[in-house]
Q: 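Structure in structure tokens, see below.
As a basis for the values below, the full set of heavy atoms in this structure was taken, side chains included, without hydrogen atoms, waters or symmetry mates.
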Amino acid sequence: MEDTEVERIRRIENPAERARAVGIEQARLAGQVDELAGIRREAIDEMLRGGLSQADIARELGVTRSRLNKLVTTGPGPERALLVPKPRAGALLTVAVVEKREDQRARPSVLATTQDAVTKLDRLAREMGLETEVDRIPEMGYIDLNRDNLAVLVGPRISPLIAQAITADPIIKWRRIGDSRNWMLIDTREGVEYRSDFDEDEPDTDEPRTCYAHIGRIRRPDGEGGFLYLGGAHGAGTAGAVEYFVHNVVGLWEEAHRNLWSAVVKTTATARGKEILNVELASRVYVHTKR
């Protein structure tokens, strides 16, 4: 009969090695417990959406109502699947952003508003038991979209590949404005166009300006799942997209769950886009086919 992992560890002669092995095994088991708690919360969520009351679910699970209330608040919420479709403790979310070079002598850098947005997304991911890494893409550079657990914070004016990939959204579309580098968003279901005030590089006044962003889970070019997209017409729009997502992730999960989905977010920012003043949905949340 094969020895269990506990018995294997118990037989380690060196006490330091034995203690380290216990720590490793405890961390592994804790991760599994965390993942199972998340699966249970999602199952309970599905039963609630299916019309069962909490009393019905408690009877199904053989627990009291008070115990059920504890179960639905234990472990990460199911909404973390919006970031990582198959979440588990320590799963890695890759956040793709673009480096820009102001001139030939300057070092490539990420916009301050985008860097702040990455920090907010990282904080949300860590609260959900996930890890993050940043993939800095050169301007006009190649982005590998056929990856698991990917969030893209890049607009179509920066990357032709992104401009092509996000055409997979069946309702929210980007369209280039004439021969310029600027793009506008279109809700093809409602026939509404969204143009950014930031298409004008230098504002005439210090009045707040608005920008728009495309958010959702977009089908990957290889068709094997999707990637989280939070991209604006300009930097202010991308920052606002992340701001909206971070503060409304539970509501977005309730709308979309594990489906492909998309929406338009309106951002109001200071004249030069350095501070976000307000974010709100400009369109409804459209839920598309399952991945």
Q: Under 4.5 Å between side-chain heavy atoms, hopping through other hydrophobics if needed: is there a path connecting Leu92 to Val95?
A: no
Q: Can you tell if the side chain of Leu161 reaches within under 4.5 Å of the side chain of Tyr142, non-hydrogen atoms only?
A: yes
Q: Tell me, with the steps shown, if Val264 and Ile172 meet side-chain contact (heavy atoms from CB on, under 4.5 Å).
A: CA-CA 8 Å; Val264 177; Ile172 306 300; 3.8 Å; yes
Q: With the threshold set at 4.0 Å, does a side-chain nitrogen-carboxylate oxygen contact exist between Arg209 and Asp199?
A: no
Q: Are more than 12 heavy atoms, taken from residues, nucleotides or ligands other than Arg18, located less than 6.0 Å from that residue's CZ atom?
A: yes
Q: Step by step, would you call Arg220 with Asp148 a side-chain contact (heavy atoms from CB on, under 4.5 Å)?
A: CA-CA 10 Å; Arg220 286 168 26 172; Asp148 294 332; 2.9 Å; yes
Q: Decide yes or no for Leu153 and Val242: does some side-chain heavy atom of the first lie under 4.5 Å from some side-chain heavy atom of the second?
A: yes
Q: Roughly how far, to the nearest 0.5 Å, is CD of Glu255 from CZ of Arg284?
A: 8.0 Å
Q: Roughly how far, to the nearest 0.5 Å, is the CG atom of Leu230 from the NE2 atom of His214?
A: 10.0 Å
Q: Can you confirm whether Asn278 sits close enough to Thr267 that some side-chain heavy atom of one is under 4.5 Å from a side-chain heavy atom of the other?
A: no
Q: Tell me whether the rings of Trp253 and His257 are parallel (<30°), tilted (30 to 60°) or perpendicular (>60°).
A: perpendicular
Q: Is a side-chain donor or acceptor of Thr270 paired with a backbone partner of Glu275 at a separation under 3.5 angstrom?
A: yes
Q: Within this structure, what is the CG-CG distance for the pair Leu150 and Leu228, rounded to the nearest 0.5 Å?
A: 8.5 Å
Q: For Met128, does its backbone N or O pair with a side-chain atom of Arg80 as donor and acceptor, under 3.5 Å?
A: yes
Q: Show the nearest heavy-atom pair for residues Trp174 and Ala233, with the distance to one decimal.
A: CH2-N, 3.5 Å
Q: Can you measure from OG1 (Thr188) to OH (Tyr286) and round to the nearest 0.5 angstrom?
A: 7.5 Å
Q: Any salt bridge between Arg10 and Glu7, counting N to O under 4.0 Å?
A: no
Q: What residue pairs, at least two apart or across chains, pass ring pair (Phe, Tyr, Trp, His ring centres under 6.0 Å) with a residue in residues 182-205?
A: Tyr194-Tyr212
Q: Between Ile44 and Leu48, does the side-chain contact (heavy atoms from CB on, under 4.5 Å) criterion hold? Intermediate values first, please.
A: CA-CA 6 Å; Ile44 294 172; Leu48 288 170; 4.3 Å; yes
Q: Got a second to check how far Arg258's CZ is from Lys86's NZ, nearest 0.5 Å?
A: 9.0 Å
Q: State the OG1-CG distance between Thr210 and Leu277, to the nearest 0.5 angstrom.
A: 11.0 Å
Q: Are Leu145 and Ile162 close enough that some pair of their side-chain heavy atoms sits under 4.5 Å apart?
A: yes
Q: Kindly give the heavy-atom pair with the smallest separation between Ala21 and Ile9, and that separation in Å.
A: O-CD1, 3.8 Å
Q: Looking at every non-hydrogen atom in both residues, tell me the closest pair between Ile218 and Leu260 and how far apart they are.
A: C-CD2, 4.1 Å
Q: For a side-chain contact (heavy atoms from CB on, under 4.5 Å) check, start with the C-alpha distance between Leu281 and Val265, then their side-chain angles and the critical distance, and finish with the verdict.
A: CA-CA 4 Å; Leu281 277 182; Val265 167; 4.1 Å; yes
Q: Would you mind telling me which of Asp222, Thr94, Asp135 makes a side-chain hydrogen bond (donor to acceptor under 3.5 Å, both in side chains) with Arg147?
A: Asp135
Q: Taking the side chain as every heavy atom from C-beta outward, state whether Arg217 and Pro85 have any atom pair closer than 4.5 Å.
A: yes
Q: Is any side-chain heavy atom of Leu130 less than 4.5 Å from a side-chain heavy atom of Leu83?
A: yes
Q: Are side-chain heavy atoms of Asp187 and Glu193 found at a separation under 4.5 Å?
A: no
Q: Is any side-chain heavy atom of His234 closer than 4.5 Å to one of Arg157?
A: yes
Q: Is there a donor-acceptor contact under 3.5 Å from the side chain of Asn248 to the main chain of Tyr244?
A: yes
Q: Okay, side chain of Ser180, backbone of Ile177: is any donor-acceptor separation there less than 3.5 Å?
A: yes
Q: Could you tell me which non-hydrogen atom of Ile215 sits nearest to which non-hydrogen atom of Ala241, and how far apart they are?
A: CG2-CB, 3.6 Å
Q: Indicate yes or no: does Lys173 engage Asp169 in a salt bridge with an N to O separation below 4.0 Å.
A: no
Q: Around Asp206, counting heavy atoms of other residues, nucleotides and ligands shown, do more than 12 lie under 6.0 Å from its CG?
A: no
Q: For Leu68 and Ala58, which heavy atoms make the closest approach, and how far apart are they?
A: CD2-N, 4.0 Å
Q: Short question: side chain of Thr238, backbone of Gly232 - any donor-acceptor pair under 3.5 Å?
A: yes
Q: With a 6.0 Å cut-off (strictly less than), is the heavy-atom count around CD of Glu60, excluding the residue itself, greater than 12?
A: no
Q: Say whether, by atom type as modelled, one donor and one acceptor occur between the side chain of Thr113 and the main chain of Ala239 under 3.5 angstrom.
A: no
Q: Taking Asp56 for the side chain and Ser53 for the main chain, is one N or O donor matched with an acceptor at less than 3.5 Å?
A: yes
